[in-house]
2 protein chains.
Amino acid sequence: MTNLTDTFAALSDPTRLAVVERLMAEGELPAGRLVKQSDISAPAMSRHLKVLRQAGLVEQRTQGTSRLYSVRPEALKSISDWTLDHRAFWQASMDRLATHLALQDED
Amino acid sequence: MTNLTDTFAALSDPTRLAVVERLMAEGELPAGRLVKQSDISAPAMSRHLKVLRQAGLVEQRTQGTSRLYSVRPEALKSISDWTLDHRAFWQASMDRLATHLALQDED
DNA sequence: CGTTTAATTAACGGATTCGTTAATTAACGT
DNA sequence: ACGTTAATTAACGAATCCGTTAATTAAACG
């Protein structure tokens with residue numbers, strides 16, 4: 001099991017966050033495809049993918065000379081779970097804020 | 001409005017994640033209190049708090065010579081919203097996984 | 001006004017991050 | 001076995017991060 005800080009670190013880079021979002025939207029994709037629509041080199045992308053893999057955010061499988069990457073849903077769930085663990089805190093505050101704004105609208 | 005990658009970056013350091021979690025659990029606390037139960041110096045903590053503040057995760061108010069820090073719920077909500085935006089992806093996968101494991105248990 | 005308390009900013013060193021180009025590994029087709 | 005395609009690892013430099021100690025700012029109090 002990887003640490004939550006590692007998950008956050010993996011998603012703290014714009015290139016990596018974009019990769020994860022694209023893989024979620026389009027599903028499994030080869031590394032080369034991810035390189036094409038980025039403005040960095042293949043080696044740079046390769047190391048970003050390694051970071052994502054080591055953080056448990058993506059997994060890799062080989063097909064011919066290509067490596068296909070996809071998002072591991074467990075990683076996403078661990079983030080969601082973390083926000084839910086603390087939801088009692090931020091939800092109440094947000095509700096207060098929403099109520100306050102709604103009352104202001106009535107003026 | 002701050003970027004989501006900045007939010008993730010702020011939470012990618014164990015000291016900062018611990019600070020945020022403690023502030024959520026205990027509410028507003030002075031910087032000095034956060035230093036005490038950490039094993040880093042006051043200047044180091046001060047810069048961590050600055051990172052959290054610039055990422056919009058905490059806010060600060062002054063009381064006497066102390067600075068009181070608290071978590072901004074909006075930041076937490078933005079993370080929760082992000083997971084919900086992609087929930088359709090990971091939820092379905094997790095459900096499949098759960099079903100699969102349940103079927104295995106029956107063997 | 002000088003002192004104490006609380007916290008920050010300044011300055012510096014070591015480690016890590018992120019990009020590049022060059023070299024290497026891996027799988028496939030002939 | 002050889003060449004091609006796809007991707008990774010190696011090697012290096014610039015920038016950023018994170019810790020430290022020393023110096024500075026800010027508020028409160030006699």
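Keep in mind that this is a model prediction, so the values were computed, not measured. Each chain gets a letter, A, B and so on, in the order its sequence line appears, and its residues count up from 1.
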A:Leu23 versus A:Val19: any side-chain heavy-atom pair under 4.5 Å?
-> yes

Side chain proximity check, B:Asp13 to A:Phe8, heavy atoms < 4.5 angstrom | no

For the side chain of A:Ser66, counting heavy atoms from C-beta on, which of D:dA7, C:dT8, D:dC18 is nearest?
-> D:dA7

Euclidean distance, atom CG of residue A:Leu17 to atom P of C:dC18 [Å, nearest integer] | 13 Å

Whole-Å distance, B:Gln54 CD to D:dT16 P, equals 14 Å

Of all the nucleotides listed (C:dT21, D:dA6, D:dT9), which has the minimum atom distance to the side chain of A:Ser41?
-> C:dT21

Does A:Thr15 or A:Arg67 map to a spot on DNA chain C nearer the 5' end, using the closest nucleotide for each?
-> A:Thr15

Kindly say whether the aromatic ring centers of A:Trp82 and A:His86 come within a distance under 6.0 Å.
-> yes

Does the side chain of B:Tyr69 come within less than 4.5 Å of B:Arg53's, by heavy atoms?
-> yes

Separation of D:dT9 atom C1' from A:Arg53 atom CZ, nearest Å, is 12 Å

Where do B:Ala10 and B:Arg16 come nearest, in terms of heavy atoms and distance?
-> O-NE, 2.7 Å

From the options D:dT5, C:dA6, C:dA22, select the nucleotide whose nearest atom is closest to the side chain of A:Thr65.
-> D:dT5

Between D:dA7, C:dT9, C:dG19, spot the one nearest the side chain of B:Pro43, thanks.
-> C:dT9

Starting at CD1 of A:Ile40 and ending at C1' of D:dT8, how long is that distance when rounded to a whole Å?
-> 14 Å

Considering only C:dA7, C:dT9, C:dA26, which nucleotide approaches the side chain of B:Tyr69 most closely?
-> C:dA7

Roughly how many Å is it from NZ in A:Lys36 to C1' in D:dT5, rounded to a whole number?
-> 12 Å

Whole-Å distance, B:His48 NE2 to D:dT16 P, equals 18 Å

Please report, rounded to the nearest Å, how far the P atom of C:dT5 is from the CD atom of B:Gln63.
-> 18 Å

Whole-Å distance, B:Arg47 CZ to C:dC12 P, equals 15 Å

Under 4.0 angstrom between B:Gln60 side-chain N/O and C:dT8 OP1 or OP2 | yes

Out of D:dA6, D:dT8, C:dT8, whichever nucleotide has its closest atom nearest the side chain of B:Ser46 | C:dT8

Between B:Ala31 and A:Arg16, which has a closest nucleotide on DNA chain C that is more 5'?
-> B:Ala31

